[in-house]
Amino acid sequence: MSSTSPAQPRSPMAAPRSFLWARRIFLTMLTGFVLLPVYVMVSSSLKPLEDVSGTFRWLPSGLTIRPYIDIWSTVPLAKYFLNSAVVAGAATVCSVVIAVFAAYAVSRYRFRGKRVFTVTVLSTQMFPGILFLLPLFLIYVNIGNATGIALFGSRGGLILTYLTFSLPFSIWMLIGYFDSVPRDLDEAALVDGCGPLGALFRVVVPAAIPGIVAVAVYAFMTAWGEVLFASVMTNDTTRTLAVGLQGYATQTEVYWNQVMAASLVVSVPVVAGFLLLQRYLVAGLTAGAVK
């Protein structure tokens, strides 16, 4: 004689079945909306140019890895890759180092003009980047004419340009994170014989690693994919990836399969870094919520 256990009653706090099905449908549609462009990019990067230039087919008739080989010879992609890595890496390091010192000073000390400084740092985020393009161009040209320091068309000039809009956000974000670190840690470090810098690097910085990583990821992603300033402030020698991808379009033809392949290759460092640092990034962006 078989016994069947009675069905478990639904909890009064459980969501209605209609809501669960609506959520599943919505998430499925959202996933398809996100993955569809990725599928188009991947499939187009594996097609011959004749197939990409003609009528789009969801299922490619033939696959080839030739576009991934040709992208390095059609344009100097390796040089653009190096320029982007140097510029984005240097801008990230400078943003993190300067933001750590500035945010620690604002968070831990009282000084005249502190409120004006924080409001000014935050207000810079209200202005569009194109507003600073012409002034920075004129400043770099005049500095080059007066001192011989070539900022226009150089990596150094592009790094300084990226600092103008990544550094304010980095400082503002780290101020909030340092405020969430208990001041008792600083006082304990000072009692143990550490100076202000010792307390910063031995106590505060290790406790603020998630916030610092979030700032670093933001600065790197901003510099890696920026197009507007890179298209004006660089030349053939210092051109970055975001601008160099335009080289796959000539006056007579556009190598769409190579564009798609190069775009995927360019996205690999950012995607890999985001996946590796995702835990720290989420913790840094939610700084102060639970402390």
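- Transitive grouping of hydrophobic side chains (ILVMFWY, heavy atoms separated by less than 4.5 Å) keeps Val243 and Phe137 in distinct clusters.
- Side-chain contact between Thr238 and Leu158 is absent, with no heavy atoms from C-beta onward closer than 4.5 Å.
- Side-chain heavy atoms closer than 4.5 Å link hydrophobic residues (I, L, V, M, F, W, Y) into clusters, and following such links, possibly through other members, connects Phe178 to Tyr109.
- A distance of 10.5 Å separates CZ in Phe152 from CG in Leu138, rounded to the nearest 0.5 Å.
- Within the structure, every pair that satisfies the ring-ring contact (aromatic ring centres under 6.0 Å, His included) test and touches residues 226-264, not counting sequence neighbours, is listed here: Phe165-Phe229.
- Nearest heavy-atom pair, Pro67 versus Lys47, reported as atom, atom and distance to 0.1 Å: CG-O, 3.8 Å.
- Once rounded to the nearest 0.5 Å, the distance linking OG1 of Thr164 with CD1 of Ile159 reads 12.5 Å.
- Heavy-atom neighbours of Arg183 CZ from other residues, nucleotides or ligands within 6.0 Å: above the threshold of 12.
- In terms of the side chain to side chain donor-acceptor pair (under 3.5 Å) criterion, residue partners of Asp179 (sequence neighbours excluded) are, by chain and number, Ser107.
- The environment of Phe26 atom CZ is sparse: at most 12 non-hydrogen atoms of other residues, nucleotides or ligands sit within 6.0 angstrom.
- Residues Thr240 and Ser84 share a closest heavy-atom pair of CB-OG, 3.3 Å.
- Remark: side-chain polar atoms of Ser231 are paired, donor with acceptor, to backbone N or O of Leu228 under 3.5 angstrom.
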Query - Step-by-step side chain to side chain contact (heavy atoms under 4.5 Å, CB included) determination, Val100 to Leu200 - result: CA-CA 9 Å; Val100 165; Leu200 171 62; 4.2 Å; yes
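- Every residue meeting the side-chain contact (heavy atoms from CB on, under 4.5 Å) condition with Ala102, not counting sequence neighbours, appears here in chain and number order: Ile171.
- Looking at every heavy atom in both residues, Leu163 comes nearest to Pro168 through O-CD, 3.7 Å.
- Hydrophobic clustering (side-chain heavy atoms under 4.5 Å, transitive across Ile, Leu, Val, Met, Phe, Trp, Tyr) keeps Val232 apart from Val227.
- Residue pairs meeting the ring-ring contact (aromatic ring centres under 6.0 Å, His included) criterion with at least one partner in residues 71-92, sequence neighbours excluded, are Phe81-Trp224.
- Under a hydrophobic-cluster definition in which Ile, Leu, Val, Met, Phe, Trp and Tyr are linked whenever side-chain heavy atoms come within less than 4.5 Å, directly or via other members, Val119 and Ile175 are assigned to different clusters.
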Query - Step-by-step side chain to side chain contact (heavy atoms under 4.5 Å, CB included) determination, Val259 to Leu245 - result: CA-CA 7 Å; Val259 171; Leu245 293 179; 5.8 Å; no
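- Counting all heavy atoms, side chain and backbone alike, Gly153 lies closest to Asn235 at O-ND2, 3.2 Å.
- A search for side-chain contact (heavy atoms from CB on, under 4.5 Å) contacts involving Ile98 returns Leu167, not counting sequence neighbours.
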Query - Verdict with reasoning, Arg108 to Val181, per side chain to side chain contact (heavy atoms under 4.5 Å, CB included) - result: CA-CA 10 Å; Arg108 291 298 193 266; Val181 177; 3.8 Å; yes
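- In terms of heavy atoms, Thr64 sits closest to Pro48 at CG2-N, 3.8 Å.
- Residues Leu82 and Val268 do not share a hydrophobic cluster, clusters being chains of Ile/Leu/Val/Met/Phe/Trp/Tyr side chains in contact below 4.5 Å.
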Cut-off 3.5 Å, no hydrogens considered: what does the side-chain donor-acceptor table look like for residues 35-46, sequence neighbours left out?
residue	atom	partner	partner atom	Å
Tyr39	OH	Trp58	O	2.2
Ser43	OG	Tyr39	O	2.8
Ser43	OG	Val40	O	3.2
Ser44	OG	Val40	O	2.7
Ser45	OG	Met41	O	3.3
Ser45	OG	Val42	O	2.7
Ser45	OG	Tyr68	OH	2.7

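- Taking all atoms of both residues into account, the shortest heavy-atom contact from Val215 to Val96 is CG1-CG2, 4.3 Å.
- Between the Lys79 side chain and the Asp236 main chain, a donor and an acceptor come within less than 3.5 Å of each other.
- In this structure, the side chains of Leu49 and Glu253 come closer than 4.5 Å at one or more pairs of heavy atoms.
- Interatomic distance, CD1 of Ile69 versus OG1 of Thr74, reported as 11.5 Å (0.5 Å rounding).
- Within the structure, side chain to side chain donor-acceptor pair (under 3.5 Å) pairs that include any residue of residues 24-37 do not occur (at least two apart or interchain).
- Legend: residues meeting ring-ring contact (aromatic ring centres under 6.0 Å, His included) with Phe101, ordered by chain and number and at least two apart, are Phe201.
- In Leu131, the CG atom is crowded: over 12 heavy atoms of neighbouring residues, nucleotides or ligands sit closer than 6.0 Å.
- With sequence neighbours left out, the side chain to side chain donor-acceptor pair (under 3.5 Å) criterion links Ser166 to Ser95.
- Not a single ring-ring contact (aromatic ring centres under 6.0 Å, His included) links Phe132 to another residue, sequence neighbours left out.
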Requested in this report: Decide side chain to side chain contact (heavy atoms under 4.5 Å, CB included) for Leu136 and Met233; before the verdict, give the C-alpha distance in whole Å, the side-chain angles of both, and the deciding distance to 0.1 Å.
Outcome: CA-CA 9 Å; Leu136 286 174; Met233 298 294 186; 3.7 Å; yes
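- Counting only residues at least two apart or on different chains, the side chain to side chain donor-acceptor pair (under 3.5 Å) pairs with a member in residues 148-162 are Asn83-Arg155, Tyr140-Thr161, Tyr162-Glu226.
- For Ile65, the CD1 atom is loosely surrounded, since the number of other residues' heavy atoms within 6.0 Å does not exceed 12.
- Looking at residues two or more places apart in sequence or on another chain, you find a side chain to side chain donor-acceptor pair (under 3.5 Å) between Arg66 and Asp70.
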